[in-house]
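Inspection log for the structure reproduced underneath, given as structure tokens.
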2 protein chains.
Amino acid sequence: MATDTLEISESRARVLDAAEKLFMERGYASVTMRHIADALGMKQAALYYHAPNGKEQLYREVVNRHMSHQRQGLEKVIAAAPPTLEAQLSAITDWLVEQAPVDLMRMVRSDAVQISESYAQELIQQVDYAMMQPITNIIRAAQERGEVRRIVPEMVSGMLLALTNWAVYFDSTNRFSITSKMMMRQVIELMLNGMIERSV
Amino acid sequence: MATDTLEISESRARVLDAAEKLFMERGYASVTMRHIADALGMKQAALYYHAPNGKEQLYREVVNRHMSHQRQGLEKVIAAAPPTLEAQLSAITDWLVEQAPVDLMRMVRSDAVQISESYAQELIQQVDYAMMQPITNIIRAAQERGEVRRIVPEMVSGMLLALTNWAVYFDSTNRFSITSKMMMRQVIELMLNGMIERSV
DNA sequence: GTCTATAGTTCGATAGAC
DNA sequence: GTCTATCGAACTATAGAC
């Protein structure tokens, strides 16, 4: 995968940056090659010098680079975090909200599907490897330390990804005076301790 | 709003049904008037007899009807559920997963935005009124009964919507041998009691 | 590397016959 | 109510000058 991604030719990175920003914000169908070219300050046809294989392949390369970036970033912040579950989960959600907002569900169910059904499956695998696995691993480790109850760890990591996406979206609607990062701290606290009043 | 929605002329309902199914599955931009006409077994031009105000207005009417449907359904199942928090939350998620899968985040951030920025704001209001409020109310009631800790209730209802959307999506990827309804039961149990091992 | 020009499609929407 | 035919706009992509 991504033989081109190895050559980060500076100008190629600029193209991928502009394409990523637009694809992730508006979705595959809504973004035209003209939009991307405009963002780069060039004409639509000139973009085909940098993306000679067309829009579809450009989207694939954007996703490949993004998932690679996520996997590396997650592994890095997890390794750097204190070895407690709450600290690690906070480090993860901090990292995720700092990245450009990504709607994983829309990517799989709307964007990837209109490229091809098989690509949607491929994207699911990429998300699994790049984003789910690193989180699942620390949940499982906490279970083995006896800190966490018997719960399917993949369920928890899926929840965390879904809730982070939602927090970023929620923040963008300006309904609360709280940042998405702070909101996720509260979400983590809630997931760890539950909603139920226990003061007795 | 929705002066036309009052006349449920049977054939109009068929058009809205077909449009809703496609819009909710693929998103506004990816669905063409031809797709909708095909689903109804008619030619693309014939669809304009039923939707004379075009694609944009058709989407708005689909959303209006859907939100009205959600509000009525939520109020109904909440009223019918046993007066305990867990039973009411389960009734809510049961209802939500039984409906056609809806990606609220994509609707606001991708679909509505390309109609107009102001329509995106309007849709946020509709989601608030139709889906957030009914759930927020029962969280707040449980807090007043002393069952639930001091948490912003809107945060909990937002989480529940996000997680239900995610569970339906997750189920559609066929990764677990568990239905989204059962998955949401476990999610509710986790949200109530937390992940932390308390056996001591 | 970027441009103009344009081919080839597809889309939303309208006109008019039946 | 549904059809055929078509217009104008927007999109992907290519060709070729500079």
Side-chain angles (χ1 to χ4, degrees), chain A residues 4-5 7-63 106-107 110-117 119, chain B residues 4-5 7-63 106-107 110-117 119:
Chain A
D4 308 86
T5 313
E7 319 168 22
I8 29 169
S9 57
E10 180 67 40
S11 74
R12 173 152 198 82
R14 279 189 63 242
V15 173
L16 289 175
D17 286 342
E20 176 169 2
K21 184 170 188 298
L22 289 166
F23 279 141
M24 296 305 181
E25 274 177 2
R26 300 302 176 109
Y28 179 75
S30 315
V31 175
T32 69
M33 296 298 267
R34 187 185 221 292
H35 291 149
I36 300 171
D38 284 351
L40 290 165
M42 63 177 69
K43 297 296 179 183
Q44 179 253 7
L47 182 56
Y48 281 82
Y49 173 82
H50 302 279
N53 294 331
K55 184 183 178 183
E56 208 175 288
Q57 185 61 23
L58 179 57
Y59 183 82
R60 293 172 116 106
E61 287 167 18
V62 162
V63 170
R106 190 208 58 203
M107 285 176 67
S110 302
D111 296 348
V113 166
Q114 50 191 271
I115 288 176
S116 82
E117 199 65 51
Y119 179 60
Chain B
D4 309 85
T5 313
E7 320 169 21
I8 29 169
S9 57
E10 178 67 41
S11 74
R12 174 155 197 79
R14 279 190 61 242
V15 173
L16 290 176
D17 286 343
E20 177 169 0
K21 184 170 190 296
L22 289 167
F23 279 140
M24 298 303 181
E25 274 178 1
R26 299 301 176 110
Y28 179 75
S30 314
V31 175
T32 69
M33 296 298 266
R34 188 185 221 293
H35 291 148
I36 301 172
D38 284 350
L40 290 164
M42 63 176 71
K43 295 298 178 182
Q44 179 251 5
L47 181 56
Y48 281 81
Y49 173 82
H50 302 279
N53 294 331
K55 184 183 178 183
E56 206 174 289
Q57 185 62 23
L58 179 58
Y59 183 81
R60 292 173 116 106
E61 288 166 18
V62 162
V63 170
R106 190 207 58 204
M107 285 177 66
S110 302
D111 296 348
V113 166
Q114 54 191 266
I115 289 177
S116 83
E117 199 65 51
Y119 180 58

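So that the names make sense, note that chain A is the first sequence line, chain B the second, and so on, each numbered from 1.
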Check whether more than 12 heavy atoms from other residues, nucleotides or ligands sit under 6.0 Å from atom CZ of A:R60, and answer yes or no.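 Count over threshold, so yes.
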Sole residue of B:V31, B:T32, B:V62 in side-chain contact (heavy atoms from CB on, under 4.5 Å) with B:L22: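 Among B:V31, B:T32, B:V62, the one meeting side-chain contact (heavy atoms from CB on, under 4.5 Å) with B:L22 is B:V31.
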Shortest non-hydrogen contact from A:K55 toward A:A29: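 Looks like NZ-O, 4.0 Å.
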Return the value, rounded to whole Å, for the distance between atom [atom1] of [X] and atom [atom2] of [N].
X: B:L40; N: D:dT2; atom1: CG; atom2: P; result: 9 Å
X: B:L47; N: D:dT4; atom1: CG; atom2: P; result: 15 Å
X: A:Q114; N: D:dC11; atom1: CD; atom2: C1'; result: 14 Å

State, with a plain yes or no, whether a side-chain heavy atom of B:H35 is found less than 4.5 Å away from one of B:R26.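 No, every pair of side-chain atoms sits at 4.5 Å or beyond.
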Value rounded to 0.5 Å, distance of CD1 in B:I115 from CD in B:Q57: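 Rounded to the nearest 0.5 Å, the CD1-CD separation comes to 9.0 Å.
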When you check every protein heavy atom under 4.0 Å of nucleotides 3-18 of chain C, what one-letter string (B, S, -) results, 5' to 3'? SBB-----SBBB----
If the cut-off is 4.0 Å, is A:Y49 near the phosphate of C:dG1, judged by side-chain N/O to OP1 or OP2?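 Indeed, a polar side-chain atom of A:Y49 lies that close.
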Parallel, tilted or perpendicular: ring planes of A:Y59 versus A:F23, cut at 30 and 60 degrees: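 If you compare the ring of A:Y59 with that of A:F23, the planes turn out perpendicular.
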